[in-house]
2 protein chains.
Amino acid sequence: MSRTHELRLIARIAQLYYGDGLKQAEISRLLHISQASISRLLARAQEEGIVRIAITAPRDTFPKTEAALRQRYGLEEAIVADCFEDREDAILSAIGAAAAHYFETTMADGEVIGISSWSASLLRMVDNIHPLKRVKAERVVQILGGIGNPSVQSHATQLTTRLAQLTGAEPMLLPAQGVAGSSAARLVMLGDSYVRATTDQFRRVTMALVGIGALQPSVMLANSGNSFTNEELQDLARRGAIGDVCLRFLDAEGRHVGGPLDERVMGMSLPELAAVPRVVAVAGGERKARPCTARCSAASSTCWSSTASPPSA
Amino acid sequence: MSRTHELRLIARIAQLYYGDGLKQAEISRLLHISQASISRLLARAQEEGIVRIAITAPRDTFPKTEAALRQRYGLEEAIVADCFEDREDAILSAIGAAAAHYFETTMADGEVIGISSWSASLLRMVDNIHPLKRVKAERVVQILGGIGNPSVQSHATQLTTRLAQLTGAEPMLLPAQGVAGSSAARLVMLGDSYVRATTDQFRRVTMALVGIGALQPSVMLANSGNSFTNEELQDLARRGAIGDVCLRFLDAEGRHVGGPLDERVMGMSLPELAAVPRVVAVAGGERKARPCTARCSAASSTCWSSTASPPSA
DNA sequence: TCCCGCACTGAATAATTATTCACAGTAGAA
DNA sequence: TTCTACTGTGAATAATTATTCAGTGCGGGA
């Protein structure tokens, strides 16, 4: 019937538009049909299934997993990177590169970047960042104090400084230990004007970069000297904590596992973190799987994970 | 390396754009990438083959054949209609419907339509046209005289009148025989003021509807009484004529086969026809295949054909 | 080292496309 | 028949997308 003729016309238009790359106005002239009708018929071409658009995922890319992560944890964006070996270092490479690409691609002019220390992933990410040419961050703020051991302390400092260099920003260091000996000691540190200058920037942070720590097999915590006593760690574990972000511990549901420890940590608090427009969490490896769950459940924006084996659909 | 990350990003954007129907501006906000970059990355998505657009021809539709016709004969548009039986009448139905759809879909407001008589296809087309609602033609001009036999003469008149009604236009009849007895007789007819009024409109014709006649097994010519003598027809054939448009005969290459006959035909001449912005030729059936070749080679804009069997690729 | 020329970016803007609007026509209900 | 709701149209316009432009960095040849 006339249906055939109409479909023929639609297909013809679709061919001219998608196939031959003509503008709607050109088709309009050629076929003596108004541009508005061409536009409407092209819309129908999709409905009728005459044109179909197929998107094929590039190799080593996992859109389904990413979508599942976004969906499940309400993330604005999730990026999954693949890794062919199960070595810790290979995994760090993979997420470092992925995170760096995201960062470079995504950082806007004039951002105030908050960066947590104590994270091998962040270290790797920064290692992989090329100097930003186009845009400059306003400043890079260290949002977690360093570590007791001075040599590791300087690691944290370097992380912040390095990122500031790369982004052309002013570094704002947090010249204090990440974990004070006591609540009182922390208050004393807060009296320091440099410390205050930095913590005052917390509210201005526009993008926070954080790692996700595992409570159980934790390299960082092990290296932290005796910031935390074994007793404290066991207490945390007993109360369900499985990981941390900025040394704020979380249970499997992403609930904050508080306690006296919180009073000793010199860094951004969870509510402060939640107030940051964009929180970028970087983590990888099987060790981090459960903590990721926790962290994601909380309030983040972005998250990387990298597994040694191809993730399941 | 970074290629993977870039492709991942492109695929992500493509999914958001084509799959989820987001605007580029929304994606821009979501992914923290400028709209200009989104646009550019979407373009790359096509180049990289991440998005592919497939156009599937509806059933009973022959885009390849149509393209070949357009290509080969330089037509602006070609429409092929299918027909399941080989009966003459079924073929006429098919092209009538197709041509009517084209006409309805395509006629603009205020056109001056020229219509040839002597064509069963045009008859059928007009039969299939629904009254035009939206637009009105200015006038419908008969561009070929009627036929000797008065009853058939009135056919031509009705064709023109009918189309004028359907398009809300003023009919301009050509009250004269299509083939005068002699060159002199034609000149006499041209003296008639009604005839002149109509022929004066020829130059204003904006869309000409013509059939394509076959010289050899010609129903119309047979019915024409003795407008042409057998001798004349044989002479035409000898000189290579295989078909006609508006009783202007053409050879297999589309060249005009002139002669004294031309001086007796009361209708639009080939040069006049060529000057019309849009010439729509309607023909179908195997009988018309060779004449189509001729006609197409000439100078037309549009052409239908309908074959009983599915056309080859 | 200094200078092209190329490549790439975001903002501004041009170009293109989708939608609104006003108006008919049509079908179905009253 | 008359009304109303709905459909479909092109012109005008709003919205969206592509491109230009100006600026910057990089690479490599002089």
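Every chain is numbered from 1, with letters handed out A, B, ... down the list of sequences.
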- Using heavy atoms to find the nearest nucleotide of DNA chain D for B/T105 and B/I38 separately, return the residue whose nucleotide is more 5′. B/T105
- Message: Closest-nucleotide mapping onto DNA chain C: is B/I33 or A/Q24 further toward the 5' terminus? I mean the 5' end.
- Response: B/I33
- Message: Which is more 5' along DNA chain C, the nucleotide nearest A/Q35 or the one nearest B/A36? Just name the residue.
- Response: B/A36
May I have the distance from [X] (atom [atom1]) to [N] (atom [atom2]), rounded to whole angstrom?
X      : N      : atom1 : atom2 : value
B/L42  : D/dT19 : CG    : P     : 12 Å
A/K23  : D/dT19 : NZ    : C1'   : 10 Å
B/L132 : D/dG8  : CG    : C1'   : 14 Å
A/D109 : C/dC8  : CG    : C1'   : 16 Å
B/K136 : D/dT9  : NZ    : C1'   : 14 Å
B/E111 : D/dG10 : CD    : P     : 13 Å
A/E104 : D/dG25 : CD    : C1'   : 14 Å
B/R29  : D/dT16 : CZ    : C1'   : 12 Å

Using the side-chain heavy atoms of [X], tell me which of these nucleotides is nearest: [options].
X     : options                : answer
B/S39 : D/dT17, D/dA18, D/dG10 : D/dA18
A/R40 : D/dT17, C/dT17, C/dT20 : C/dT20
A/S37 : D/dT9, D/dT17, C/dT16  : D/dT9

Please determine if [X] and [Y] form a salt bridge, counting it only when a charged side-chain N lies under 4.0 Å from a carboxylate O.
X      : Y      : answer
B/D20  : B/R12  : no
B/E77  : B/R278 : no
A/E6   : A/R44  : yes
A/R162 : A/D127 : yes

- Under 6.0 Å from the CZ atom of B/R52, do we count more than 12 heavy atoms belonging to anything else shown? no
